[in-house]
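All remarks here apply to the structure that follows.
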Amino acid sequence: MISLDTIEQARERIVKHIRDTPLVMSAALSELIGTQVSLKMEHHQLTGSFKLRGASNAILQLSQSERDRGIIAASTGNHGRALSYAAQAMGARATICMSRLVPENKVSEIRRLGAFVRIVGSSQDDAQEEVDRLVAEEGLSMIPPFDHPRIIAGQATLGLEIVQAMPQVAAVLVPVSGGGLAAGVAAAVKAVRPEIKVIGITMERGAAMKASIDAGHPVQVEEHRSFADSLGGGIGLANVWTFQMCKILLDDVVLVDEGEIAAGIRHAYEYERQIVEGAGAVGIAALLSGKLAHVEGPIAAILSGGNIDMALHRNVVNGLRLVREANADNTNID
């Protein structure tokens with residue numbers, strides 16, 4: 001487990017390197033759900049996602065010699081962007097390994113931040129194998145995307161912000177992939193108020209953490225393209241931290257399908273005036289789907305990232321609008 005003291009130390013360490021993002025009540029969702037729903041606007045983070053918290057906490061604890069050797073990581077996009085940003089700010093060289101499933105907008109932004117990019121294979125596991133090879137051959141310093149106590153402690157600072165901004169919160173909805181965010185947020189909020197429910201939300205296609213919890217041990221899953229591309233990838237068969245923490249601390253893990261994720265993206269734009277990526281919209285998606293009817297409020301939902309390809313975003317938003325217009329036309333004709 002990660003202690004509250006460790007989380008508070010991480011917060012002090014990274015405070016000058018991140019943004020304390022706002023927590024804003026959603027009138028639309030609150031009316032729909034029948035209880036207060038607030039949105040943690042983490043997609044407003046400096047690199048567009050929560051990943052900067054863990055990346056900053058990890059890099060700041062490296063020795064100068066470790067930084068000088070160069071930093072490397074596997075990523076589905078947002079960890080790589082955060083690591084590249086933090087490395088550039090601290091004068092370190094970053095190498096980011098990604099699979100072919102990572103959207104081009106995330107790859108190009110990582111390159112813009114000055115990192116070396118290696119596209120390897122068709123899964124997060126393939127990218128991690130390349131990381132392991134380069135660590136062995138070139139002595140680079142690896143910063144994992146989720147399964148490391150420094151990463152988890154950094155992400156956990158988000159949980160502290162939620163509880164402090166919303167003391168009455170009864171449930172927190174957190175996106176789940178490898179589990180760094182979910183484990184950290186759960187550790188933080190339950191250390192302050194153990195009765196708070198922490199619900200993990202992930203996509204149906206390739207839900208590695210959910211499958212692993214159900215099996216009782218880490219398992220591999222097949223990766224698929226998804227609107228929630230940042231939630232793709234496995235948790236690692238040798239997972240040390242996040243699997244056990246999520247298994248123990250999460251009160252539930254809820255799955256949403258691609259149509260529900262698209263609806264979450266559209267709701268965020270049309271009603272909240274927020275542009276979020278699929279992974280950032282899964283909490284809204286779960287609320288809209290009715291799959292959280294058993295969850296009592298007040299509720300805080302984390303919008304974990306906004307690094308969506310804008311062409312995709314336009315297609316998702318316009319797709320619903322066209323359907324609505326067609327339905328309206330049919331109604332008028334009838």
Side-chain angles (χ1 to χ4, degrees), residues 21-33 37-45 47-51 76-79 81 101-109 158 172-177 181-182 199-207 210 223-233 253-292 299-327:
T21 54
L23 183 69
V24 179
M25 191 186 82
S26 166
L29 287 171
S30 297
E31 181 178 355
L32 179 66
I33 304 304
V37 177
S38 294
L39 303 175
K40 178 61 169 170
M41 304 291 190
E42 190 63 13
H43 61 301
H44 291 176
Q45 194 50 260
T47 58
S49 85
F50 72 93
K51 289 286 191 176
T76 55
N78 286 335
H79 178 61
R81 180 172 178 172
L101 294 180
V102 177
E104 178 55 36
N105 68 298
K106 293 183 177 179
V107 176
S108 61
E109 181 62 17
L158 195 156
V172 178
L173 311 183
V174 54
V176 179
S177 178
L181 178 63
I199 312 297
I201 317 291
T202 192
M203 75 292 198
E204 284 186 351
R205 306 180 69 192
K210 171 65 171 171
E223 292 186 38
H224 300 276
R225 292 194 180 277
S226 170
F227 285 130
D229 56 89
S230 294
L231 301 185
V253 178
V254 173
L255 304 181
V256 287
D257 64 31
E258 294 301 301
E260 291 163 343
I261 296 169
I265 295 171
R266 291 187 293 254
H267 175 95
Y269 181 74
E270 295 189 344
Y271 293 94
E272 315 297 342
R273 291 296 183 240
Q274 303 296 320
I275 295 175
V276 297
E277 59 186 285
V282 294
I284 295 176
L287 288 167
L288 295 176
S289 72
K291 294 177 179 177
L292 297 177
I299 297 170
I302 299 171
L303 307 188
S304 57
N307 297 322
I308 189 172
D309 179 86
M310 289 311 298
L312 172 62
H313 188 272
R314 285 191 294 272
N315 288 338
V316 170
V317 172
N318 290 334
L320 178 61
R321 189 168 294 138
L322 291 171
V323 169
R324 285 178 176 168
E325 290 172 357
N327 288 338

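Values reported hereafter were calculated over all heavy atoms of this structure, with side chains retained and with hydrogens, waters and symmetry mates removed.
The two residues Asp257 and Gly259 make their nearest non-hydrogen contact at OD1-N, 3.1 Å. Taking each heavy atom of Ala279 and Pro175 in turn, the nearest pair found is O-CG, 3.5 Å. Shown here for Ser226 and Glu258, the closest heavy-atom pair between the two residues is OG-OE2, 2.8 Å. The shortest non-hydrogen separation linking Arg205 to Arg225 is NH1-O, 2.9 Å. Minimum heavy-atom separation, Ala281 to Gly264: CB-C, 3.7 Å.
Judged purely by atom type and a 3.5 angstrom limit, Thr202 has no side-chain atom pairing as donor or acceptor with the backbone of Ser177. A side-chain donor-acceptor contact under 3.5 Å links Asn105 to the backbone of Asn307. Although no hydrogens or angles enter the test, the distance criterion places no donor-acceptor pair under 3.5 Å between the side chain of Lys106 and the main chain of Asn78. Judged by distance alone, with hydrogens and angles left aside, the side-chain atoms of Ser289 form a donor-acceptor pair with the main-chain N or O of Ala286 at under 3.5 Å.
Separation of atoms CD1 (Ile275) and CD1 (Ile265) is listed at 11.0 Å; rounding is to 0.5 Å. Interatomic distance, Lys291 NZ to Ile199 CD1, rounded to the nearest 0.5 Å: 14.0 Å. Note: Met203 CE to His224 NE2 = 9.0 Å, rounded to the nearest 0.5 Å. Rounding to the nearest 0.5 Å places CD of Glu272 at 15.0 Å from CZ of Arg266. Between the CG atom of Leu287 and the NE2 atom of His267 there is a distance of 8.5 Å, given to the nearest 0.5 Å. Atom CD of Glu31 is separated from atom OH of Tyr271 by 10.5 Å, given to the nearest 0.5 angstrom.
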Pair Ser230-Lys51, side chain to side chain donor-acceptor pair (under 3.5 Å): steps then yes or no | CA-CA 11 Å; Ser230 294; Lys51 289 286 191 176; over 6 Å; no
Show the numbers, then the answer: is there a side-chain contact (heavy atoms from CB on, under 4.5 Å) between Glu260 and Leu288?
-> CA-CA 8 Å; Glu260 291 163 343; Leu288 295 176; over 6 Å; no
In sequence, state the C-alpha distance, the side-chain angles, and the governing distance for Phe227 and Val316, and then conclude on side-chain contact (heavy atoms from CB on, under 4.5 Å).
-> CA-CA 9 Å; Phe227 285 130; Val316 170; 3.8 Å; yes
Can you check side chain to side chain donor-acceptor pair (under 3.5 Å) on Thr21 and Glu42, steps first, answer last?
-> CA-CA 6 Å; Thr21 54; Glu42 190 63 13; 2.7 Å; yes
Glu277 and Leu312: side-chain contact (heavy atoms from CB on, under 4.5 Å), yes or no, with the steps?
-> CA-CA 10 Å; Glu277 59 186 285; Leu312 172 62; over 6 Å; no
Go through the steps to decide whether Leu158 and Val174 satisfy the test side-chain contact (heavy atoms from CB on, under 4.5 Å), and finish with yes or no.
-> CA-CA 11 Å; Leu158 195 156; Val174 54; over 6 Å; no
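Each of Ile261, Val176, Thr76, Val282 was compared with Leu231 under the side-chain contact (heavy atoms from CB on, under 4.5 Å) criterion, and only Val282 meets it. Leu173 pairs in a side-chain contact (heavy atoms from CB on, under 4.5 Å) with only one of the listed residues (Val37, Ile302, Leu292, Ile284), which is Leu292.
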